[in-house]
Participant: 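Structure below; questions to follow.
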Amino acid sequence: MGGLTLKLKTKSGQGQKQFVCKLTDTATVGDLKARIIELTSIPGDALHVVLGFPPFKPLQFSNESSTCQEVGISNGDTLIVEEKSLTAEERQQLEAAKRLEDDEKLARELAAQSTEQGGILLKKVVPADNSCLFTSIGFVLTGKVDPENSRYMRQIIAATVNSDKQEYNEGILGRPNDEYCAWILQPESWGGAIEVSILSAYHGLEFDVVDITNAIINRFGEDKNYGMRAFLLFDGIHYDPLYLESTSGEPAKTIFPIEDNSVYLQAEQLAKEAKSSRQYTDVNKFTLKCIDCDCFLKGQTEAQQHAQKTGHINFGEV
């Protein structure tokens, strides 16, 4: 069996180009379409192909499983390939359809991975008491929501920072080392990237912060080659831990091997879904209260300006 050898003539761009397209005898319309796209670089959504002999007959790509011979293409035929000009509305429709197709594909992959992993990634809500980061880390380590963990973790952070004043200088901390150590020990003080990084190193565990404001995952400890990881969800102001709820009756999991990518993919999808449904806090609009003077402030910018003007550094969520 010699297969199919077809000639392609393009009308797009500067002048005409000709290509030779070789396929097997059993090649489908889908195979032909893929080969034409590869040879001509014309996007599949804009592809228009006709058989190059009278009466000219447009090639329909609706049934890509049909063989080329079944739709009337024979060895030695010439196909005329054109790039359709799409309206803005048509392009938007095609882009929307492509996004839907990609989302459905990702959902199928996640469903398969969830089945393989034996569970689905869920959020455990912890109190919004300015210690949510430490409570969340305590949960992934022990499986329990225990606000008392925050005091112990604050002490770990203060001791680590105090022991290396060169590494943890005012430029890194945003305030003098001693002042920071006193600040982080206060129950009203929030934790963030610096604190996550220190606790990651202390526990020898990678903490992956799923930031739903930007639909990204920030990996703390990635460069340390730790063997295990845990996930935290961040909505712009509040942290919650993530855990894998088993579908087979096994205990929930909060710590996972680095090489197991299925949970990471679930976390990525969770971030995208939460961002698209706006399940995050706009840091420019939320309200804070200055603990030092009981002044109410709107947004992160006002809080920073108030701190610079008054020297007050203790803020609470409202």
Side-chain angles (χ1 to χ4, degrees), residues 1-117 214-217 219 222 258-269 271-273 275-276:
M1 305 287 285
L4 293 175
T5 300
L6 308 173
K7 295 179 182 178
L8 308 180
K9 291 184 178 181
T10 65
K11 285 189 173 182
S12 60
Q14 303 255 337
Q16 281 195 355
K17 291 184 179 179
Q18 295 191 28
F19 301 90
V20 175
C21 176
K22 293 188 176 182
L23 299 166
T24 64
D25 285 314
T26 56
T28 64
V29 172
D31 296 330
L32 173 60
K33 180 180 179 181
R35 185 61 178 147
I36 292 174
I37 293 171
E38 181 183 354
L39 289 171
T40 65
S41 299
I42 297 175
D45 294 332
L47 199 60
H48 180 66
V49 178
V50 297
L51 295 179
F53 56 86
F56 296 111
K57 183 174 84 171
L59 180 60
Q60 303 297 326
F61 291 111
S62 55
N63 190 359
E64 296 190 359
S65 61
S66 298
T67 67
C68 293
Q69 293 181 351
E70 286 173 341
V71 298
I73 298 176
S74 303
N75 185 45
D77 280 351
T78 297
L79 306 181
I80 298 174
V81 182
E82 299 176 302
E83 183 173 0
K84 293 185 294 184
S85 57
L86 303 176
T87 66
E89 183 179 356
E90 287 174 331
R91 288 193 180 278
Q92 289 176 353
Q93 290 174 346
L94 288 171
E95 289 170 0
K98 182 65 167 58
R99 286 195 298 271
L100 179 61
E101 181 183 344
D102 291 342
D103 289 345
E104 290 176 345
K105 180 180 178 182
L106 181 57
R108 289 193 297 270
E109 291 174 351
L110 287 173
Q113 289 158 1
S114 176
T115 302
E116 179 183 346
Q117 182 67 27
N214 300 299
I216 59 174
I217 298 179
R219 299 175 59 184
E222 179 182 10
I258 289 290
E259 62 272 13
D260 183 355
N261 202 41
S262 60
V263 178
Y264 188 89
L265 291 174
Q266 284 200 50
E268 281 189 322
Q269 180 65 11
K272 293 176 182 177
E273 291 175 353
K275 178 176 172 60
S276 66

Participant: Which heavy atom of Val71 sits nearest a heavy atom of Ser66, and at what distance?
Facilitator: CG1-CB, 4.1 Å
Participant: At what distance, to the nearest 0.5 angstrom, does CD1 of Ile73 lie from CG of Leu4?
Facilitator: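 CG of Leu4 is found 8.0 Å from CD1 of Ile73.
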Participant: Please walk me through it: do Glu268 and Ile217 pass side-chain contact (heavy atoms from CB on, under 4.5 Å)?
Facilitator: CA-CA 7 Å; Glu268 281 189 322; Ile217 298 179; 3.7 Å; yes
Participant: Rounded to the nearest 0.5 Å, what's the gap from NE2 on His48 to CZ on Phe61? Could you check?
Facilitator: 9.5 Å
Participant: About how many Å separate NZ of Lys17 and CG of Leu39, when rounded to the nearest 0.5 Å?
Facilitator: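 Reported to 0.5 Å precision, the distance equals 11.5 Å.
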Participant: Without swapping roles, check the side chain of Asp77 against the backbone of Leu6 for a donor-acceptor pair under 3.5 Å.
Facilitator: no
Participant: So Val49 and Leu32, side-chain contact (heavy atoms from CB on, under 4.5 Å) or not? Walk me through it.
Facilitator: CA-CA 11 Å; Val49 178; Leu32 173 60; 6.0 Å; no
Participant: Show the numbers, then the answer: is there a side-chain contact (heavy atoms from CB on, under 4.5 Å) between Val20 and Thr5?
Facilitator: CA-CA 7 Å; Val20 175; Thr5 300; 3.8 Å; yes
Participant: Tell me the closest heavy-atom pair linking Leu23 and Cys68, and the distance in Å.
Facilitator: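 Nearest pair, atom of Leu23 first, then Cys68: CD1-SG, 4.3 Å.
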Participant: Taking atom CD1 of Ile80 and atom NZ of Lys7, what is their separation to the nearest 0.5 Å?
Facilitator: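 Nearest 0.5 Å value for the CD1-NZ distance: 13.0 Å.
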Participant: Between Asp25 and Gln69, does the side-chain contact (heavy atoms from CB on, under 4.5 Å) criterion hold? Intermediate values first, please.
Facilitator: CA-CA 8 Å; Asp25 285 314; Gln69 293 181 351; 4.1 Å; yes
Participant: What are the two closest heavy atoms between Leu51 and Gly72, and how far apart are they?
Facilitator: CD1-O, 4.3 Å
Participant: Please report the interatomic distance OG1(Thr40) to CD(Glu82), rounded to the nearest 0.5 Å.
Facilitator: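 Output value for this atom pair is 12.0 Å.
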Participant: Please find the pair of heavy atoms, one from Val81 and one from Leu47, that lie closest to each other, and give the distance.
Facilitator: CG1-CD1, 3.7 Å
Participant: Calculate, to the nearest 0.5 Å, the distance between atoms CG and OG belonging to Asp31 and Ser65 respectively.
Facilitator: 10.5 Å
